[in-house]
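Shown next, in structure tokens, is the structure this report addresses.
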Amino acid sequence: MAQVKVRFAPSPTGPLHIGGARSALFNWLFARHHNGTMVVRIEDTDIDRSTREYEDLILDSLRWLGLDWDEGIGVGGPNGPYRQRERLDIYHPYVEKLLASGQAYHCYCSEDELEAERQELMSRGELPRYLGKCRELSIRDKEEKCAAGRKPVVRFRVPEGRTLTVEDLVRGRVEFESDGIGDFIIVKSDGIPTYNFAVVMDDALMGITHILRGEEHLSNTPRQILIYEALNFSMPHFAHISLILGEDRSKMSKRHGATSVVQYREQGYLPEALVNFLSLLGWSPEGEEEIFPIDELVRRFSLDRVSKSPAVFNFDKLKWMNWNYIKESSPDRITELCLPHLKRAGLLSETPSADSMSWLKQVVATVQEKLEYAAQAPDVISVFFGDTVDVDSEDTDARQVLALETSPAVIRAFREKALEHKAWDSETVRSILKEIGKELGVKGKALFMTVRVAVSGQSHGPDLNALLTLVGPETVARRLEYTLKHM
RNA sequence: GGCCCCUUGGUCAAGCGGUCAAGACACCGCCCUUUCAAGGCGGUAACGCGGGUUCGAUUCCCGCAGGGGUCACCA
């Protein structure tokens with residue numbers, strides 16, 4: 001394939017959304033697969049809603065996901081600037097050109113007039129659209145309107161009777177009739193171009209070869225094609241990716257839960273997991289494996305395996321995916337990941353000592369294979385903390401175990417042996433357990449389960465030996481004593 | 001409502017005229033087990049409907065239905 005150049009062009013009106021992240025990912029995978037160029041540009045023509053904070057947040061999320069870019073915001077390049085609001089001078093001559101050739105014209109209609117027109121059309125059962133009232137205004141009319149203080153917008157004159165064809169790389173040929181499209185605005189009354197115009201200008205001027213974006217843009221494409229033609233720009237390839245849906249099958253939005261990348265980051269998901277998961281939403285690799293490191297995704301990615309049908313975002317599968325990556329990660333990394341959650345839960349001080357950090361790493365190492373995401377850490381880890389533990393009243397297995405005839409003796413014996421031992425490691429714990437079993441003639445569940453429940457208050461939890469080892473003899477003894485008194 | 005897109009188990013999905021219709025998540029059993037999990041084995045569960053085309057349709061065509069998107073001085 002000839003040189004490939006793609007772009008991700010978010011609008012900084014909110015954090016990076018899951019859908020946006022998936023678009024960015026597909027563009028990135030496509031670019032990397034073909035050794036092409038990835039550009040990131042900011043579409044900030046919506047002055048009221050765009051902020052620099054969101055821009056930073058989005059860029060940050062992109063970097064966190066491991067999606068880098070070769071040209072654009074932050075890295076520069078030959079086609080800058082890369083914020084649309086800084087490109088107004090670049091757009092201007094092209095607007096003039098369209099105006100001069102009559103392919104665009106000034107429109108002075110007010111909001112109210114347009115609204116009235118819409119209502120009128122709708123009440124007659126016709127489609128609401130702009131009918132071209134200002135198409136043929138005379139110079140005098142214009143001067144009058146200007147004098148009256150009206151600020152015009154620039155509209156694109158949509159030709160009649162044309163069939164606009166989008167050759168879409170994932171959908172095939174899609175046709176639209178130009179008659180269904182009213183003359184649309186390309187420059188707002190404040191002089192700032194609209195999305196449909198600016199996006200074409202930028203894509204053309206930046207030499208974008210492939211436009212991969214969400215399906216919500218498909219019906220905008222015929223308008224954009226018109227502009228490409230009017231300005232004699234060469235047409236890029238289009239590929240519209242199906243939408244990501246919420247559980248109720250409507251376009252994923254805030255009410256569906258966590259929808260922004262930062263939220264997943266905060267919950268303690270790993271970027272590789274999110275990337276892997278997202279890659280499988282609307283694309284499928286050949287073969288049966290599903291877990292791929294990112295460079296393997298790059299190697300395998302291809303547009304012709306991109307699905308046409310929308311996909312429901314499946315939280316369970318994401319969790320499963322993340323669990324896979326967590327259990328394969330180093331305890332150091334996962335400890336780091338859990339830190340903020342443990343601090344917030346009050347299990348750890350803001351500035352933990354080196355000792356408690358190294359202890360914590362061992363704790364994390366014993367439970368990390370159970371974690372689906374780091375925010376679960378406090379729950380899973382809390383049994384390692386505290387001098388006393390109450391038996392979970394919901395846990396009938398636990399109560400039954402403590403009610404065993406042999407249990408008090410087992411607990412007492414363990415407590416004594418724990419206090420006698422100076423050295424304390426997993427070997428010690430093992431031998432103590434063995435001794436008790438021998439001395440009291442108790443084995444299996446009656447032995448191990450009893451100790452577990454007495455020391456943790458629950459009939460399930462981390463590996464018993466590791467639990468006892470890490471909690472330490474003094475605390476174990478205190479917990480056992482407490483249990484003895486309260487059982 | 002007009003236009004456009006989509007339709008295989010609960011979800012993600014393979015399939016690209018002939019398959020007992022893959023696989024994954026979730027769910028349910030059993031095994032293993034010093035708990036839970038993991039792991040192993042097994043199970044429940046799908047081609048929206050109606051017409052064509054064809055020796056043969058999940059696959060191709062046409063309707064219908066359902067879902068979604070879009071019709072802004074938002075992107």
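Letters go in sequence order (proteins before strands), and every chain restarts at 1.
- Across all strands shown, A:G182 has no heavy atoms under 4.0 Å from either base or sugar-phosphate atoms.
- Residue contacts shown for A:E43 are limited to sugar-phosphate atoms, with no base heavy atom under 4.0 Å away.
- Ranked by how close their nearest RNA chain B nucleotide is to the 5' end, A:G461 and A:L218 are led by A:L218.
- Under the salt bridge (charged side-chain N to carboxylate O under 4.0 Å, His left out) criterion, A:E117 pairs with no residue, sequence neighbours left out.
- Classified by interplanar angle (parallel below 30°, tilted 30° to 60°, perpendicular above 60°), the ring pair A:F197/A:Y91 is perpendicular.
- Between A:F313 and A:Y264, the ring planes are tilted. Angles from 30° to 60° get that label.
- Taking atom C1' in both B:rG68 and B:rC32, the straight-line distance is 47 Å, to the nearest Å.
- B:rU58 makes up no base pair with any nucleotide shown, lacking Watson-Crick or G-U wobble contacts both under 3.5 Å.
- Of the C1' atoms belonging to B:rA46 and B:rU58, the separation is 10 Å, rounded to the nearest Å.
- Between B:rU35, B:rA26, B:rA75, one nucleotide has an atom nearer to the side chain of A:D316 than all others, and that is B:rA26.
- As judged by a 4.0 angstrom heavy-atom cut-off over every strand, A:V153 is placed among the base-contacting residues.
- Separation of the C1' atoms belonging to B:rC12 and B:rG1 is 34 Å when rounded to the nearest angstrom.
- Within 4.0 Å of A:C109, counting heavy atoms only, lies at least one base atom of the nucleic acid.
- Phosphate proximity of B:rA75 to A:T45: present, with a side-chain N or O under 4.0 Å from OP1 or OP2.
- Note on A:L281: only backbone sugar-phosphate atoms sit closer than 4.0 angstrom, heavy atoms only; bases stay farther off.
- Look at A:K251 and you'll find a side-chain N or O under 4.0 angstrom from OP1 or OP2 of B:rU70.
- Taking 4.0 angstrom as the limit, A:S459 places none of its side-chain polar atoms (N or O) nearer than this to OP1 or OP2 of B:rU35.
- The partner of B:rU35, taking Watson-Crick or G-U wobble pairs whose two distances both stay under 3.5 Å, does not exist in any strand shown.
- Base contact: A:N220 has a heavy atom under 4.0 Å from a base atom.
- In this structure, A:Y94 has its ring center closer than 6.0 angstrom to the ring center of A:F233.
- Rounded to whole angstrom, the span from the CG atom of A:D48 across to the C1' atom of B:rA75 amounts to 13 Å.
- When the C1' atom is used for both B:rG9 and B:rA45, the distance is 5 Å, rounded to whole Å.
- Between A:G282 and A:V170, it is A:V170 whose nearest contact on RNA chain B lies nearer the 5' terminus.
- For B:rC3, the paired base is B:rG69 (Watson-Crick or G-U wobble, both distances below 3.5 Å).
- Within 4.0 Å (heavy atoms only), A:N314 reaches at least one base atom of the nucleic acid.
- Listed by residue number, the members of residues 430-446 of chain A with any heavy atom below 4.0 angstrom from RNA chain B form an empty set.
- Here A:K308 does not pair with A:D168 in a salt bridge; the nearest charged N to carboxylate O distance is not below 4.0 Å.
- Among the heavy atoms of the strands, none lies under 4.0 Å from A:E289.
- Out of B:rC6, B:rA75, B:rC4, the shortest distance to the side chain of A:K308 is found at B:rC6.
- We find that the ring of A:F448 and the base of B:rU34 stack, their centres lying under 5.5 angstrom apart and their planes tilted less than 30°.
- At the heavy-atom level, A:E216 lies under 4.0 Å from the strands shown only through sugar-phosphate atoms.
- A:K133 has no carboxylate O lying under 4.0 Å from a charged side-chain N of A:E113, or vice versa, which leaves the two without a salt bridge.
- A:H240 and A:F238 have parallel rings, their planes meeting at less than 30° on a 0 to 90° scale where 60° marks the start of perpendicular.
- Within 4.0 Å (heavy atoms only), A:H217 reaches at least one base atom of the nucleic acid.
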Could you go through A:R7 and A:D202, starting from their C-alpha distance and side-chain angles, then the distance that decides it, and tell me whether this counts as salt bridge (charged side-chain N to carboxylate O under 4.0 Å, His left out)? CA-CA 10 Å; A:R7 48 69 164 181; A:D202 291 347; over 6 Å; no
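- Within 4.0 Å of A:S189, counting heavy atoms only, lies at least one base atom of the nucleic acid.
- Residue A:R249 places at least one side-chain N or O closer than 4.0 Å to OP1 or OP2 of B:rC12.
- Under 4.0 angstrom from either OP1 or OP2 of B:rC74 there lies at least one side-chain N or O belonging to A:K188.
- Ion pairing between a basic and an acidic side chain is recognised when a charged N comes within 4.0 Å of a carboxylate O; A:R135 and A:E160 show such pairing.
- Among the heavy atoms of the strands lying under 4.0 Å from A:P462 is at least one base atom, whether or not backbone atoms are also near.
- Side chain of A:E288, nearest nucleotide from B:rA22, B:rC6, B:rA75: B:rA22.
- Rounded to whole angstrom, the span from the CG atom of A:D392 across to the P atom of B:rU35 amounts to 19 Å.
- When the nucleotides B:rA75, B:rU35, B:rC73 are ranked by their closest atom to the side chain of A:E111, B:rC73 comes out on top.
- Ring-plane geometry between A:Y195 and A:H217 is classed as tilted, the angle between the planes lying from 30 to 60 degrees on a 0 to 90 degree scale.
- Side-chain N/O atoms of A:R305 include one lying less than 4.0 angstrom from OP1 or OP2 on B:rG15.
- If you check every strand for non-hydrogen atoms under 4.0 Å, A:D463 touches a base.
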